[in-house]
Amino acid sequence: MRQHRVPLILLAYLAIFPLGAVVPGVLGVLQKAASVFPEWLQVYLLWFTDTYLLNLMILVLMWVTIGSAWNLIAGYTGQVSFGDAAFFGTGAYAAGLLSTKLGLSAWWGFLVGGPLAVLVAFPFGWICFRLRGAYFALATLALNEVMRHIATIWQSLTKGMVGIMIMPTFVSKLPYYYIALGLAVLSIVCIEIVVNSRWGYYFISIREDQDAAESMGIDTHYYKMVSLCIAACLTGLAGAFWMNYNGSIDPRSVFSLHDISIMAILVGIVGGVSTTYGPAVGAFIMVAVSEVFRTGGFGMLEGLARMTNSPATEVVAKYVKEAHALSFGLLVIVIILFLPNGVVGDWPRLKRALWPWSGKKA
Amino acid sequence: MLRVEHIQVFYGDLQVLWDVSFEVDEGRIVVLVGANGAGKSTTLKTVSALLTPASGTITFEGTRLDRAPSHKVVELGIAHVPEGRRLFPEMTVEENLIMGSLASEAKSKRAETMSRVYNLFPVLHERRRQPAGTLSGGEQQMVAIGRGIMARPKLIMFDEPSLGLAPLVVASIFEIIRMVNSEGLTVLLVEQNVKHTLSICDRAYVLENGSITMEGSGRELLHNEHVKAAYLGI
Amino acid sequence: MEVFFQTLVAGVLKGGLYALIGLGMALIMGVMGIINLAHGQLMMVAMYITFVLFHYLGVDPYRALPISMVSLFLLGIFIQKFLLNPLMKVESILPENQVLMTVGIGIVLTETARFIFSSNFRSVMTSYSTAVFFVGGISFSVALCFAFLCAILLTAGMFWFLLKTDLGRCIRAVAQDNEAARLMGVNAERIKVLTMGIGAMLVAAAGTMLMPVYYLFPDIGGPFTRKAFVITILGGLGSTVGAIFGGLTLGLVEAFGATYIGMDYEDMLGLIIFILVLLFLPGGFKRLTKV
Amino acid sequence: MFFEAHHIVKHFGGLSAVGGVSFRVDKGEIFGLIGPNGSGKTTIFNLINGFHSLSHGEIFFEGARISGLKTHEICRRGIGRTFQVVKPLKRMTVLDNVIASAFLRSRTKSQAIDLAEETIEFCGLGPCRDKPAGGLPIASRKRLEIARALATKPKLLLLDETAAGLNHTELEEAIELISRIRTAGVTIIIVEHIMKVIMTISDRILAINHGLAITEGTPKEVATHPEVITAYLGADYVA
């Protein structure tokens, strides 16, 4: 339990503070509680009381789920997937179609979305895992595209490019926040359990040396499939959640190579492959980076421009806003070059680089 | 000519050579013998700068090799005929030979050297348009040796040239090595075929578990009971 | 019947350009052992260079060809030297680090293009962009025919280079046995840098020649990257001859698919081929012909 | 009949790596396989273990045909193997390496841990059980190979060049370990280059060269067989 102490404290914090956003009276209590801390810390403690930040946190938590799933198949099992969007989109469409075609609540998507994503993953993995080498990675890229095309072309079912719209269940963001939190915790716990079980040992053995794994009696084809199916199921659940939360989906957004599949990879490698909390750290960093760029430093750059009245700053602010996708690309390059095992995986090295004096004491 | 002094070599954090030193004098045939895994190939790869020694020095005609890139080593006049032949399987015999003569001096005399190689191995001339991967083991070894000669080296290193070849072919390969040497090339040979090797060499070193345990003339070692015991366990 | 031949011509002409794209990809695959997932993005950069030269300086796309090829050659060299080669010394858990790096490079190229040129569609309208000539009732696009011709010349030149020059032989040698090549005195790192440059140069040629008859926007790289890897998988990973057959096949399949099945399915067909190859012919055409 | 290889043949492209070798191994014995480099010993292991498919011939284990089965199925039947070029699961600790393989014969994780710890002690790897396998010295890596194979509780163990690269004391320890494995009731087929090892521990030896059997017999018979000496030391060494 000891190695989970910090995450558990964080979890407790994540569970309590958002209450202030909606439940009347709680905010006052929280503010009072927070007031014993220094002023600069209060800002962070009361962070979740704002709906805008709540929205961001929901995104972070959703990415924790997707990133953890990617980490299972790529980080632990060593089969890099470029096609998580195929499973994410399947889950999202499952939820959406239940609502539009069968008139059920889209929340039933949680029951159907995961298994349906597994249904996509199963034959796919069965074919691709027969071959070693880069085939799986490439095939996932193709799967991503195939699923998007199907969703676009099968108009009678999916309404093509128009996509699916449903009425949101809740007005407040708070229920979504807790569902996302639940999902994220579920996936981390689920993966933690899997990784520490027989399966986890088998997955890592396959990653480290497939020949050795086979001579140890491990059916590598079968266990790669197991890993892929768990990852697909979790990603499908995240997709079903997205349908419910966002209320509208279309093939381009949920089967997007860049916005979903690549983002999943980024969350995984930035945080640290093959670590329990790497994807969580990665999700936080990625959503933060994307938001900082998208909003021009939360509007600070624009504010600065208005304050100083300098057109140069205004131009910078405008460009920074446009550069958020560019920053992703640069981040991939920098991370792979300098922190190949991610922030969590390379933490000792990163720590030494950031605080060179801290290492000297030890 | 080639002087290896106290080299220590690691694969990752695994030490494979411990304080290995030996010398190759000009015009000689020098042999490293030893069982599988003793570090013979590693030694040659270190001379070729495919591996870098953690400590120790390697000098060739006064030039330090231990920190040089591998293509420099070839230019200085050391050819390496690797274990398992390592031909370019999809290239023709002729192209494989050409690959041996990339350094500028060898390149300018390419046609001349090639006809010499074809004289040495007439069968290769017949097969020159054939992909090297389709040749028999013995022929492949000839291409590998020919490719080494194409570099017009001063020193040529052979790594287990008899590996996996039929006895008759082995005999002819050793004949060729002796011939190459008599034409003025210095030879450094790594072998497990003790009898053949020791009978043609001038000086031999026995490698055991990454360090040199014995050295002497070929004849001395040939009749040494220890060598026999190390190989056959009798 | 006329429709059939018209489709055949369209497919072959397109296939010629695809072969050029695939050839570069196959070279990179062979020498570096990685799938370059920034291949289409490199082509996109070449297209923008062509566009800028035409639009602002009035340079005809065909005259821009050498400029775009040289620029992309340099870009390829830069990428290999500073971004991919250093990765070989980095110890990491994922073996696909280099492939992930090319993804990152692809994003940077696409987004830089969007940054500079915005997402708008661009095109280069030349006097010959829409020109056609007829042979026996079948129309031939002048620009595409010219592009096809150039593609053949470039491919032939490339093969001459690979088969008849020392440098070309070095490239093949590194692809076949890296360590043995180093023993021959080949500077493998430099060969890798050169190969990436050549690969980028070939795809640049395809992009520039496509410019008079095609449109351009920053995201165009992605679909072409996918086409390129379908071509290399079809041809057999790393096989240059296979890539040419792969390119022609993809061109024909797309053309016939668009005519007889529907435009919507054009992109999908390539992916279906990909999966079929994976199922029934792992190893691609290379397995059939042994070349 | 415990184990029998019946006229096994393997071609790679046009080259024949193993050209029709037959042998049988009885329960409880140590069967040595010798031959010069490149003579096809490791290929025979790869054929038994299912990495390569046979071109011709059949392999039987405990009365059932195992040729044609997949590697993991063969392991499940009770054939474990080690690799000449060791294949440690580098980023796992020694203990985790062995646990991963102990799962094959354990229902729960605690059973697997127990089995793994037992096996590690048996192989004398106790001192480095929590170290990552990638950083071990060669002698310990070779032991780890054996430990991992033993944790699958094999009835037949294939040892591929377990002694290569070991120094004198390590060699003695390796021989001692192999005899203990035999005492524990495991039948062993051993490929070995270091003659001292194979001559001391084998009950019977099969010598091969160029993928063909030269002779089979007791260590003494094989060591004095003229063709074996020729294959190892070159022609006319005997004289």
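Because only heavy atoms are used, hydrogens play no part in the values below, and waters and symmetry mates are left out as well, while side chains stay in. Below, read A as the first sequence line, B as the second, and so on, with proteins coming before strands; counting in each chain starts at 1.
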Using a 4.5 angstrom heavy-atom cutoff, name the option from A:L257, A:L143, A:L337 with the most pairs to chain C.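 Among the listed options, the one with the most contacts to chain C is A:L337.
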
Looking at A:A139, A:G75, A:G78, which one has more heavy-atom pairs under 4.5 Å with chain C than the rest?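 Of the options given, most contacts go to A:A139.
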
How far does [atom1] of [X] sit from [atom2] of [Y], to the nearest 0.5 angstrom?
| X | Y | atom1 | atom2 | answer |
| --- | --- | --- | --- | --- |
| A:I262 | C:L37 | CD1 | CG | 8.0 Å |
| A:L138 | C:R226 | CG | CZ | 12.5 Å |
| A:I336 | C:N97 | CD1 | CG | 5.0 Å |

Could you check whether any side-chain heavy atom of C:M101 comes within less than 4.5 Å of a side-chain heavy atom of A:V332, counting everything from C-beta outward? no

Residues in residues 107-119 of chain C near chain A [non-hydrogen atoms, under 4.5 Å]: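 Within residues 107-119 of chain C, the residues under 4.5 Å from chain A are C:I107, C:V108, C:E111, C:T112, C:F115.
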
Taking heavy atoms only and a threshold strictly under 4.5 Å, list by residue number the residues of residues 265-272 of chain A that touch chain C; give 'none' if the list is empty.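 A:I265, A:I269 fall under the 4.5 Å cut-off.
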
When you look at CZ of C:R122, are more than 12 heavy atoms from neighbouring residues, nucleotides or ligands closer to it than 6.0 Å?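 Yes, the 6.0 Å shell around CZ holds more than 12 heavy atoms from other groups.
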
Need one label for A:F338: side chain, backbone, both or neither, based on atoms under 4.5 Å from any heavy atom in chain C. neither

Measure A:L330 against the heavy atoms of chain C and call it side chain, backbone, both or neither at under 4.5 Å.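 Contact with chain C involves both backbone and side-chain atoms of A:L330.
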
Residue selection (most heavy-atom pairs with chain A, distance under 4.5 Å) from C:L100, C:L83, C:V230, C:I105: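 The answer is C:L100.
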
Selection from C:T225, C:V103, C:D219 maximising heavy-atom pairs under 4.5 Å formed with chain A: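 The option with the most such pairs is C:V103.
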
